[in-house]
Amino acid sequence: MKNYLIVLATACLATSAMAGPRSNSFAIVVDQESYSRCTQSIDAYCKSVREDGLDAFVACADWTCPEQVKDSLKLWHSERSLEGAVFVGDIPIPMIRRAQFLTSAFKMDENYGEWRDNSVPSDRFYDDFDLDFQFISRDSTETLFFYYNLTDKGSQVIDCDIYTARIKPSSAWEDKYVELDNYFRKLVAIREEKDNRLDRVTSFTGEGSFSNSMIAWFDETHTLGEQLPDIYKDADGARFYVFHQQPLMKDMLLQAACEDDSDFYVFHCHGTPDRQWIGGYLTSTDFEDPNFEPQSYDELYAAAYEAETGIIKYRVREQYRRMLRYRTSPEDAAAKIRRDYGFDSTWFAGALDPKVEQLDSTLETRCGILLSDVQRYDTDSRVVLFDACYNGDFREDDNIATRYIMGHGKTVVGLGNSVNVLQDKVSEPLLGMLAAGYSVGQWQQQVNILESHIIGDPTFRFAPSYNMELPELSNKDCAYWRNILSGDYPADIKGLALQKLVLLNDPDAITLIHETYCGSDSYCLRLQAMLLSLHFDSPLAVDVLVRSLDDPYEFIRRKAAHFLSLRGEPATIPALVECYFRDYNAHRVQFNISNGACQFEGTLFRQCFEKEWENQKFVANDETFAKTCRKWLSSAESMSEYLSEAVLDNSKSARGRARVITSLRNMPLAYLADDLTAIVKDPAQDLALRMQCADVLGWYNYAWNRASIISNLEAALPQIDEQQLSAEVRKSIKRLKAYTR
């Protein structure tokens, strides 16, 4: 370890000496100024954590770079059995590059634009010791930002050694140190709720989540009951809201978060650092003149007509401005609005008038929860999960997750993402660990992605809902976890055991996964089995995916369709086509199948689809259905042809081909793998293009021919002289091998 200066708080060292040895420790990593201003409250928090069974200590210093923090964490992990850490105040922020495959959705081009925007702020730099990073530079303006590339020397998958969290005041209420001090004081009080079980849950689904599909939305009422057994013991245990219940739901949702006994709140919606996009519908009353007094029926009718058309004009103005933001010319935007919607320019007149824009913006804020809205309420939900983009972006001086925990209510933990996040990801994986009595940090350590972060106290836990001994998370004995899997444990604890067996490379893991999927009546456990099967390249793994297309849980069907499409194996087309006809009214399942049809070469999907169509008499004469299907089949074939051309056509510019080939990260066409490998091996091709192809091949981790891709890349390595390219190839090989057990 480098000779960095680490100062430990005297008070906590004295407490540690008196308390005797503990099995696991917890570090409160804080900058010097924050600790000097909040010494009493931080020490009180440290004492509270110690009383809860962890050997907590304060590490206070003027932290100058991320390596200083990481080296300290690794030392404490080795010498003090460090379990986790929380970063308080101004702690360096690693900005990660060349690692977008570790995110759920982030796909910005790192070759263009500002590094601040196309890098991922992530504390996986700190808590996953197997990831290796190369320092690039420190930001000259925002000096807490340190930029790093993920290298080929370490792991290419996330498996955190410890858990981490951030507590960074926003200065929204008052001086940021007063705000920080108040947070720790309320946190210590909340932690005294030793008997509080997780039995009060609220879930909200915003506009655009799950494509507004009620079939996709409904199953959460079942899965939360599996994971949190106490929520259905009375009428108040679980509340489910959807954006269309009322035109504007902002105040209703925030009021629900202010219930004193609220334990867990999940927001499924879109987001930015400063807003939760909950959605909703403005009504004509929003466009009425409150001072208008009609003198006749004709005047009343005219005013009502004006109000009704007002909301339409508002929507058309928004669409016009949105098109201009995407660099569409005013003339083309006007023409498209006329062509697509039938509105001429009178319907969006004044759209660029500053006064009109300001009025429209004010109306728009009513459809979202803003930072200022959060500040008006003292939210009491102890833990809030923001299943949204950017709500936990700790690059910013303020963000939604921070504003929730820094309020005067009882919210002490926010779970948010630092960049955009996949809408169709599993939003509450292994949530049952919280009900079993694990801490927030212990839970999140098992399910972290590059962008996910705990904002608040990671050691916070609820009283257990079960009378059982918690499995030891650090146990590395496969027999131990097989006993957990076969024992009388809740579904998510068995799911945890399955995950541990995969991580520990148990030779029977895929057999256990297959048996678990086929034999379990738990939605959550079958989902976990299906997701873990993706790490294996075997007939049993494919069988799990094909069976999953007929699962009663919509999310399993939806994701099975997605992963089978990414697999791109022609032999599975009939199963996908049958699923489409069987489940065509489930919008998200339908979308994943139709969107994934381009993964199959040529007209293979269409041929199978047309053949099955002949057997489906109940829709065979439905012209609307036929028109829709032909449209997406043609679109899929056109997309496949377009991407193939970019790979195969050497007459096009290398830069243009590289930019198109980048899209294969989202649509890895398995039948183009050999062509991509040929470009990587060809010294006559542009180096940047070869680099791009090498990177894209690493996204083929679900492709049916991934074992062949690995063999071809390994054979190509000795022929590659460029160090940068060979490093990219090694990264892709490691990524593919993680899914080729």
Side-chain angles (χ1 to χ4, degrees), residues 2 4-9 12 26-43 45-46 56-73 76 84-96 115-116 119-127 133 135 137-148 162-185 187 273-274 371 390 392-406 412-414 416 418 453-458:
K2 298 180 180 65
Y4 292 127
L5 175 64
I6 301 173
V7 182
L8 300 182
C12 288
F26 176 75
I28 303 167
V29 180
V30 57
D31 69 273
Q32 186 71 55
E33 184 66 18
S34 294
Y35 185 65
S36 65
R37 296 283 200 98
C38 309
T39 303
Q40 187 175 3
S41 60
I42 291 176
D43 284 353
Y45 166 63
C46 182
F57 60 94
V58 176
C60 171
D62 287 323
W63 303 98
T64 57
C65 64
E67 287 87 355
Q68 181 188 16
V69 179
K70 184 171 186 175
D71 287 348
S72 300
L73 294 172
W76 299 328
V86 62
F87 306 134
V88 180
D90 295 326
I91 305 301
I93 297 174
M95 303 286 282
I96 307 304
W115 278 23
R116 186 194 200 279
S119 303
V120 181
S122 180
D123 287 336
R124 298 299 84 78
F125 177 94
Y126 293 123
D127 52 36
F133 299 93
F135 175 67
S137 65
R138 183 179 189 176
D139 196 294
S140 60
T141 304
E142 297 178 281
T143 55
L144 280 181
F145 296 179
F146 293 77
Y147 294 94
Y148 295 88
I162 61 172
Y163 56 79
T164 59
R166 291 233 171 210
I167 301 174
K168 181 183 175 186
S170 67
S171 303
W173 280 265
E174 45 199 317
D175 177 89
K176 72 175 186 178
Y177 298 109
V178 174
E179 187 176 295
L180 187 63
D181 190 63
N182 288 339
Y183 170 78
F184 280 114
R185 292 181 187 279
L187 175 58
D274 60 348
L371 293 171
Y390 291 102
D393 187 357
F394 53 85
R395 281 174 298 191
E396 307 297 340
D397 292 334
D398 201 358
N399 61 68
I400 285 290
T402 294
R403 191 68 68 96
Y404 269 81
I405 72 166
M406 288 294 165
V412 292
V413 179
S418 59
H453 292 88
I454 302 169
I455 308 297
D457 175 21

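Nothing here was measured: the structure is a model prediction, and the numbers come from that model.
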Among all residues two or more places apart in sequence or in another chain, which pass the ring pair (Phe, Tyr, Trp, His ring centres under 6.0 Å) test with F135?
Y148
D175: partners by salt bridge (Lys or Arg N to Asp or Glu O under 4.0 Å), with sequence neighbours left out:
R37
Please name the pair of heavy atoms, one in P458 and one in Y45, separated by the smallest distance, quoted to 0.1 Å.
CD-OH, 4.1 Å
Heavy-atom distance under 4.5 Å between the side chains of F146 and E67, does that happen here?
no
Any heavy-atom pair between the side chains of D457 and Y183 that's under 4.5 Å?
yes
Would one find more than 12 heavy atoms of other residues, nucleotides or ligands at under 6.0 Å from atom CD of E33?
yes
With sequence neighbours excluded, residues passing salt bridge (Lys or Arg N to Asp or Glu O under 4.0 Å) with D398:
R403
Between the CD1 atom in I167 and the CD1 atom in I405, the distance rounded to the nearest 0.5 Å is 6.0 Å
Test ring pair (Phe, Tyr, Trp, His ring centres under 6.0 Å) applied to Y147 - qualifying residues, sequence neighbours left out
W115
Residue set satisfying side chain to side chain contact (heavy atoms under 4.5 Å, CB included) with T39, at least two apart, ordered chain then number -> Y35, D43
What heavy-atom pair brings I96 and S122 nearest, and what distance separates the two atoms?
CG1-CB, 4.0 Å
Under the 3.5 angstrom rule, does the side chain of E179 hit a backbone N or O of A172 as a donor-acceptor pair?
yes
Taking all non-hydrogen atoms of both residues into account, name the closest pair between S119 and R395 and its distance.
O-NH1, 3.6 Å
Decide yes or no for P92 and C65: does some side-chain heavy atom of the first lie under 4.5 Å from some side-chain heavy atom of the second?
no
Value rounded to 0.5 Å, distance of CG in D90 from OG1 in T143:
8.5 Å
Between P169 and T402, what is the shortest heavy-atom contact and its length?
C-CG2, 4.4 Å
For D123, enumerate each residue passing the side-chain hydrogen bond (donor to acceptor under 3.5 Å, both in side chains) test, keeping only those at least two apart in sequence or located in another chain.
R166
How many angstroms lie between NZ in K168 and CG in D31, if you round to the nearest 0.5 Å?
11.0 Å
Report the C-alpha separation of V86 and F26 in whole Å, then their side-chain angles, then the decisive distance to 0.1 Å, and conclude whether the side-chain contact (heavy atoms from CB on, under 4.5 Å) test is met.
CA-CA 8 Å; V86 62; F26 176 75; 3.7 Å; yes
Residue pair H453 / T164, side-chain heavy-atom distance below 4.5 Å
no
Partners meeting ring pair (Phe, Tyr, Trp, His ring centres under 6.0 Å) with F133 (sequence neighbours left out):
F125
Can you name the closest pair of heavy atoms from T64 and R138 and give their distance?
O-NH1, 4.0 Å
List for me each residue that meets side chain to side chain contact (heavy atoms under 4.5 Å, CB included) alongside E396, sequence neighbours excluded, and say none if there are none.
R116, P273, D393
Using the salt bridge (Lys or Arg N to Asp or Glu O under 4.0 Å) criterion, which residues pair with D274? Sequence neighbours excluded.
none
Taken to the nearest 0.5 Å, the spacing of S41 OG from L180 CG works out to 6.5 Å
Could you list the residues that satisfy salt bridge (Lys or Arg N to Asp or Glu O under 4.0 Å) with K70, not counting sequence neighbours?
none
For residues D181 and R185, report the shortest heavy-atom separation together with the two atoms involved.
OD2-NE, 2.7 Å
Quick one: side chain to side chain contact (heavy atoms under 4.5 Å, CB included) partners of A27, sequence neighbours excluded?
V29, F57, W76, L82, A85
Atom pair CD1/CD1 of I28 and I42 - distance to nearest 0.5 Å
7.5 Å
Which residues satisfy the ring pair (Phe, Tyr, Trp, His ring centres under 6.0 Å) test with Y126, sequence neighbours excluded?
F87
Rounded to the nearest 0.5 Å, how far does OG of S170 lie from OH of Y404?
13.5 Å
